[in-house]
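Computation of the quantities below employed the complete heavy-atom set of this structure, encompassing side-chain atoms and omitting hydrogens, waters and symmetry-equivalent molecules. Atoms within a ligand are numbered from 1 in the order they appear, just like the ligands themselves.
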Amino acid sequence: MAKLSSIRLSGITASPGIAIAKAFRLNNAHYEPSPERVADVSIETERFRQAVEEARLELEQIRAMTEERLGAAKAEIFEAHLMLLDDPDLIDPIIENIENESINAEFALYDIARSFIEMLSSMDNELLRERAADVRDVSGRIMSRLRGVSYAAVTAINEPCVLIAEDLTPSDTAQLNLDYVLGFVTEIGSRTSHSAIMARSLEVPAIVGAGKDASGIETGTMVIMDAVEGTVIIDPTDAELTMYQARKQAYDEKRRELRKLLDQPTISQDGHRVELAANIGSVEDLQKVIENGAEGIGLFRTEFLYMGRNALPNEEEQFQVYKHVLERMNNKPVVIRTLDIGGDKELPYMKLPIESNPFLGLRAVRLTLSRQDLFRTQLRALLRASVHGQLKIMFPMIAVTEELREAKRLLQEEQEKLVQEGIPVSGSIEVGIMIEIPAAALAADFLAKEVDFFSIGTNDLIQYTMAADRMNENVSYLYQPCHPSVLRLIHMVIQAARKEGKWVGMCGEMAGDENAIPILLGMGLHEFSMSASSILPARALIRKTSQVEWAGYIEQVLSIGNQASIQQFVKQKNKE
Ligand code: PEP
Ligand code: MG
């Protein structure tokens, strides 16, 4: 008899796509050893040390493989794992536990790792919470060596499946064989977790945060994962299977169609040209930028160059990276943002003061102005690289004109020093700022006089306007790109820039949001910068939207009182 019902779960789309296959459940996380007395603690500690060494060998292999497949930056996470194997804060208490309690290595490891993971997971800080995943990964790997079982069962997968896991560790993600793993679903995790970021680089469909019920999915159960809507259907009915097979075909066909726009210009239906650029965090992201037909880089988040290491990158190292990006982009515009550290992005080795409100604290340009040594090093590296392409320098988190003037003064000083040293610097570097603080948006008319361009950082602008932490799920309902207050601020910024004859872009996630694009086009935004995979869908949308028509709707849009009605308005107009 045909099945009549299925179970549906919803989660967060970490990487889009649709997959239909049998589930493969990863069980690494669930082993709980019992405490056992051991007769000889020295044999037991030796057994533990041996397992650590075997884990090290495995990790070194995975690191090399990841570097080959995904590049050096993505492989850096395994440096952190290897460092954990040498971390006395983790390893010493385990050995002491074995020695003092005469207990088995498995339990000593389980006990100490668990308290570490609990402590890190309860932290208020996203990065420390991600550290918990690293400890889980490393301790799980040592545990498997102790038990003599294979750790990452992902390597054993040899038929098409949708992978289900509590949380997929970065090492699992790096080892996925994409001939077989058609997508993955995790119980926990966020869009910014390491595995989510890797899934986007690999372009494999992924849903994270699908909740505890995902653990009930047994290996072999048929599942549909719709990582466009963020839905998982367990044990689908025949009707659902037929429907989703058709949807998958349509989705894949649409992706193929979009590829035809690769070399096409981004021109609205009525002939108005805008620039579609990409956001990057590392040199490795450039491949996808080029494959997706970006017309430039609208945001290079340089802080990732400073992260996942033990010391600041020096001038030469930075110069090489900036030069490489400029050369690879072949004279297309490249906006490089100076260091935006603080808030959710930390540099443990800088030992910055602990703040109770880091998003409102010593962040981005506030920090670099107070640590001029590191700011000057970055500015010199940028200035030296400027002769290798079309560089634009951007300062993040500007709130007041004085910060902008001070940053420009330091840039000018470094430029003069270089010229004196006989080092060439381009004469046509544009200097701009991010508008991501409501104060800067409201005073954009003053700021516009002193810059070459603005780029609106909506990820922060929304959080500061709505007073809703961008990482906090409890207030995510307030994170509204199309709230009238946000749209009015954006409108003010665009008008202020245009009045001074300056160009204005947007590099927050909103720039790739199809509900927002027609409004932004109508308001006169010049440049849209987004993750590489959003570029072709955005180009397709802009090509069928009339700029003049949407310019005519702006007054009406700005008079609507809530996000839902504004989004409804956009949908309605797009249908007409
Ligand atoms: C933004 O705030 O919109 C932005 C692009 O910067 P980040 O996400 O790096 O804070
Ligand atoms: Mg920002």
Among non-hydrogen protein atoms, atom 6 (O) of ligand 1 lies closest to R337 NH1, 3.0 Å
Contact region, I456 to ligand 1, non-hydrogen atoms below 4.0 Å, reads neither
Is the closest N or O pair between D460 and ligand 1 shorter than 3.5 Å? yes
* Asked: How about F446: does its CZ atom have over 12 heavy atoms from other parts shown lying under 6.0 Å from it?
  -> no
In ligand 1, the atoms that come under 4.0 Å of a heavy atom of L299 are 5 (C)
Counting from 1 in the order shown, the ligand 1 atoms closer than 4.0 Å to a non-hydrogen atom of C507 are 5 (C)
At under 4.0 Å between heavy atoms, what of M434 touches ligand 1? The answer is side chain
Exercise. Does a sphere of radius 6.0 Å around CD in E514 hold more than 12 heavy atoms from other residues, nucleotides or ligands, not counting ones at 6.0 Å or beyond?
Worked result: no
| field | Audit row: E79, R63, salt bridge (Lys or Arg N to Asp or Glu O under 4.0 Å) steps and yes/no | value | CA-CA 8 Å; E79 282 302 337; R63 180 184 53 180; 2.5 Å; yes
Stepwise salt bridge (Lys or Arg N to Asp or Glu O under 4.0 Å) check, E355 with R363 | CA-CA 11 Å; E355 299 177 306; R363 208 195 136 177; over 6 Å; no
The option among R470, M530, R301 carrying the non-hydrogen atom nearest to atom 10 (O) of ligand 1 is R470
In this structure, CD1 of I267 is separated from CZ of R543 (nearest 0.5 Å) by 7.0 Å
* Take W503 and E275 through the side chain to side chain donor-acceptor pair (under 3.5 Å) test and state the conclusion after the steps. => CA-CA 11 Å; W503 68 266; E275 184 190 325; over 6 Å; no
Under 4.0 Å between heavy atoms, the region of M510 that gets near ligand 1 turns out to be neither
Next on the checklist: Before you tell me yes or no, could you show the steps for V504 and S455 under side chain to side chain contact (heavy atoms under 4.5 Å, CB included), namely the whole-Å CA-CA distance, both residues' side-chain angles and the distance that decides it to 0.1 Å?
Outcome noted: CA-CA 6 Å; V504 49; S455 184; over 6 Å; no
Between E436 atom OE1 and D460 atom OD2, the angle centred on the Mg ion (ligand 2) rounds (to 10°) to 90°
Counting from 1 in the order shown, the ligand 1 atoms closer than 4.0 Å to a non-hydrogen atom of R363 are 10 (O)
Any heavy atom of M397 under 4.0 Å from ligand 1? The part involved is neither
- Task: Take R539 and E295, measure what salt bridge (Lys or Arg N to Asp or Glu O under 4.0 Å) needs, and give me the verdict at the end.
- Result: CA-CA 11 Å; R539 182 169 293 152; E295 294 154 41; 2.8 Å; yes
